[in-house]
Every structure is written in structure tokens, then in C-alpha cells.
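Atoms considered below: every heavy atom in the structure, side chains included; atoms not considered: hydrogens, waters and symmetry mates.
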Amino acid sequence: MKVLLLKDPKDKDSGPDPYIKELGLYGFEATLIPVLSFEFISLESLFEKLSHPECYGGLIFTSPRALEAIKICLKEKSKNEAWSKSLKQRWNSKPAYVVGKATASLAEEIGLTPQGEKSGNAEKLAEYICSREKPDSSALLFPCGALKREVLPTVLREKGVPLESVTVYQTTQHTDLQESLSSYFAQQGIPASVVFFSPSGVKFCLQHIQKLSGDFINRIKVSS
């Protein structure tokens, strides 16, 4: 039975994707098609803020992309030197709140000590932050995407915990998406199930899948 997963591989360097591996144990033939691309923006503004840790009470990261934005900044020699010589140490005197292991791992790669990774989602991380931060303290710096959910900012605002957001990436459709979908349907036929992993995935894929499936669309089980 064929399953189409509309997502990026979890980690290209760590062997088979866990979804493919797990579904394979139950006899499903799963295929991944990447849906999203990320364009990084406002990186100079981001590093300007990172250059003044004294203005903030800590950092918040709710996606790996926010940390990838910092890593791109640090590819520039002068910025990397500034980070290594003093900024990293100064930020490490403040909390770096993260959601999930992937985000925590990237935070560690740039020398930060993450906390809150077991929260699991933005709402639980917000509760964790509010249990540790005092109202009306210095703002927490929150590098985020253009499509960020408002759960975390809303909870912090209600509890009086200041937050300063800076948009550092925006989500776009993967350049090969339509070609990959067309190729899949031509070679594999109609899948038994299609799994979406984000609202953007539905937005970018659903209409094309409906077109490719034709009269068979009602036979496909859709999950999200």
C-alpha cells in the first residue's frame, strides 16, 4: 500500500527517515516529497540585535530555521569572530529557550545551552518560559518565520513577559514540487493515503493532487 508524505526528510545525514522506516515495518511503501523552501531575510537586522545581548533577557527558538539564519550570519568572518570572542559567552549567561531536539541540537552547534526542548510545542514552551521569567523584565529576542503561530506571543503577552520578534525567514513553495508530484503519480499511480504536515503543504499541494487524481480523489485517505 502506497503512502505519500508531503514533507522534507527529517535528517539527510542520519539514515532513513523515521516515517519511512516506521511505515515500512507495517508493510506500507512510503515516499517523501519536499513541499517547502525557506528564504532567509533581514539577517543584518538579526545580527545587529544579537550584537547587543545586554538589551535582552534571553532567546527563544521555535524552529530549526531560526537557528539556520544565525548560522548563515556566522559564515561571515567578522561576525563569526565577534560571536566566538564575546557574544556567545554573553548570551550564555541568559536562557535560550527551544522547542524540540532538532532545534536544541542546532542551538548547541552555535555554542548556546538550550532549555525547554522537552516542551514539545510552542504552547507548552510558553508556559515553561512564563514559569521562569518575571513580568516586565528585559524582552526575550524571538527570531521567527513570517508565518509564525501567535500562540507563544499571546501567552507571553498575557503574562506580561516582554517579547521582541524579528522575522528571519519566509516560507515558499519548493521549486520542484509540481514536477515531483507529477512524476510520482505517473510512476507510482494513485496512493492509498496522502499525509500533510503543515497548512502550507495543503495550500501548495492539494489542488495539484486533485488534478492528478481526477475521479480517483475520493479513494485517497487524507491525513494531517
query: Can you find a heavy atom in the side chain of Val35 that is under 4.5 Å from one in the side chain of Gln173?
result: no
message: Quick one, Asp17 with Asp8, criterion side chain to side chain contact (heavy atoms under 4.5 Å, CB included). Give me CA distance, side-chain angles, the key distance, then yes/no.
response: CA-CA 9 Å; Asp17 182 271; Asp8 286 331; over 6 Å; no
query: Roughly how far apart are Tyr19 OH and Leu5 CG, rounded to 0.5 Å?
result: 8.5 Å
field: Heavy atoms from other residues, nucleotides or ligands near CD of Gln89 exceed 12 (cutoff 6.0 Å)
entry: no
message: Assess the residue pair Val166 and Ser45 against the criterion (side chain to side chain contact (heavy atoms under 4.5 Å, CB included)); give the C-alpha distance rounded to whole Å, side-chain angles, the decisive distance to 0.1 Å, and a yes or no.
response: CA-CA 8 Å; Val166 53; Ser45 175; 4.3 Å; yes
message: Quick one, Leu4 and Leu181 - any side-chain contact, counting heavy atoms below 4.5 Å?
response: yes
query: Taking all non-hydrogen atoms of both residues, which atom of Ala69 and which atom of Leu46 are closest, and how far apart?
result: CB-CD2, 4.0 Å
query: With no hydrogens and no angle check, is any side-chain donor or acceptor of Asn92 less than 3.5 Å from a backbone partner on Thr113?
result: yes
- request: Hey, could you give me the CG/CD distance between Leu36 and Gln170, rounded to the nearest 0.5 Å?
  value: 12.5 Å
message: Return the CG to CG distance between Leu140 and Leu156, rounded to the nearest 0.5 Å.
response: 6.5 Å
field: For Tyr184 against Ile33, the heavy-atom pair lying closest together
entry: CB-CD1, 3.9 Å
- prompt: Rounded to the nearest 0.5 Å, how far apart are CG of Leu106 and CZ of Phe61?
  reply: 10.0 Å
- line: Rounded to the nearest 0.5 angstrom, the CD-OG1 distance for Glu123 and Thr154 is 10.5 Å
- line: Heavy atoms of Ser119 and Lys124 approach each other most closely as O-CD, 3.2 Å
- prompt: Do Leu206 and Gln210 touch side chain to side chain, with heavy atoms closer than 4.5 Å?
  reply: yes
task: Kindly indicate whether the side chain of Leu163, heavy atoms from C-beta on, has any atom under 4.5 Å from the side chain of Arg157.
output: no
query: Does Leu141 belong to the same Ile/Leu/Val/Met/Phe/Trp/Tyr cluster as Ile70, with side-chain heavy atoms less than 4.5 Å apart forming each link?
result: yes
field: Shared hydrophobic cluster for Val98 and Leu74 (ILVMFWY, side-chain gaps under 4.5 Å)
entry: yes
- prompt: Hey, is Glu44 close enough to Lys79 for a salt bridge, meaning N to O under 4.0 Å?
  reply: yes
task: Would you sort out whether Ser131 and Ile129 count as a side chain to side chain contact (heavy atoms under 4.5 Å, CB included), showing the intermediate values?
output: CA-CA 5 Å; Ser131 72; Ile129 292 170; over 6 Å; no
query: Is Trp83 reaching over with its side chain to a backbone N or O of Ile110, donor-acceptor style, under 3.5 angstrom?
result: yes
task: Side-chain contact test, heavy atoms from C-beta onward, threshold under 4.5 Å: evaluate it for Ser182 versus Leu212 and give yes or no.
output: yes
field: Backbone N/O of Lys134 and side chain of Ser137: donor-acceptor pair under 3.5 Å
entry: yes
task: Calculate, to the nearest 0.5 Å, the distance between atoms OG1 and OH belonging to Thr62 and Tyr97 respectively.
output: 14.5 Å
- prompt: Any sub-3.5 Å donor-acceptor pair from Ser183's side-chain atoms to Glu179's backbone N or O?
  reply: no
- request: List the steps, then state whether side chain to side chain contact (heavy atoms under 4.5 Å, CB included) holds for Leu43 with Ile72.
  value: CA-CA 8 Å; Leu43 297 185; Ile72 291 172; 3.6 Å; yes
message: Applying side-chain hydrogen bond (donor to acceptor under 3.5 Å, both in side chains), can you list everything that pairs with Lys94, at least two apart in sequence or on another chain?
response: none
- line: Shortest non-hydrogen pair, Leu87 vs Leu50, comes out as CD2-O, 3.7 Å
- request: Of all the heavy-atom pairs spanning Ile20 and Ala30, show the shortest one and how long it is.
  value: CD1-O, 3.3 Å
message: Quick check: is Phe197 connected to Phe28 through a chain of hydrophobic side chains (ILVMFWY, heavy atoms under 4.5 Å apart)?
response: yes
- prompt: Should Val222 and Leu23 be counted in the same cluster of Ile, Leu, Val, Met, Phe, Trp and Tyr side chains packed under 4.5 Å apart?
  reply: no
message: Could you check whether any side-chain N or O of Ser42 sits under 3.5 Å from a backbone N or O of Val168, counting only pairs where one atom can act as donor and the other as acceptor?
response: no
- request: Side-chain contact test, heavy atoms from C-beta onward, threshold under 4.5 Å: evaluate it for Pro114 versus Glu108 and give yes or no.
  value: yes
message: Counting C-beta onward and ignoring hydrogens, is there a side-chain heavy-atom pair between Tyr169 and Cys144 closer than 4.5 Å?
response: no
- prompt: Considering all heavy atoms of both residues, which atom of Tyr128 and which atom of Gln115 are nearest to each other, and what is their separation?
  reply: OH-OE1, 3.3 Å
message: Using the ring centroid of each side chain, check whether Phe142 and Tyr56 are separated by less than 6.0 Å.
response: no
message: I'd like to know if the side chain of Ser198 and the backbone of Gly201 have a donor-acceptor N/O pair within less than 3.5 Å.
response: yes
- prompt: Taking NZ, NE, NH1 and NH2 as the nitrogens, is one of them in Glu54 or Arg90 under 4.0 Å from a carboxylate oxygen of the other?
  reply: yes
message: So for atom CD, which belongs to Glu164, do other residues, nucleotides or ligands contribute more than 12 heavy atoms lying within a distance under 6.0 Å?
response: yes
query: Would you say the side chain of Lys7 lies within less than 4.5 Å of the side chain of Leu32, judging by non-hydrogen atoms?
result: yes
query: Transitively linked via ILVMFWY side-chain contacts under 4.5 Å: Ile209 with Ile190?
result: yes
message: Quick one, His174 with Ser180, criterion side-chain hydrogen bond (donor to acceptor under 3.5 Å, both in side chains). Give me CA distance, side-chain angles, the key distance, then yes/no.
response: CA-CA 10 Å; His174 195 285; Ser180 296; 6.0 Å; no
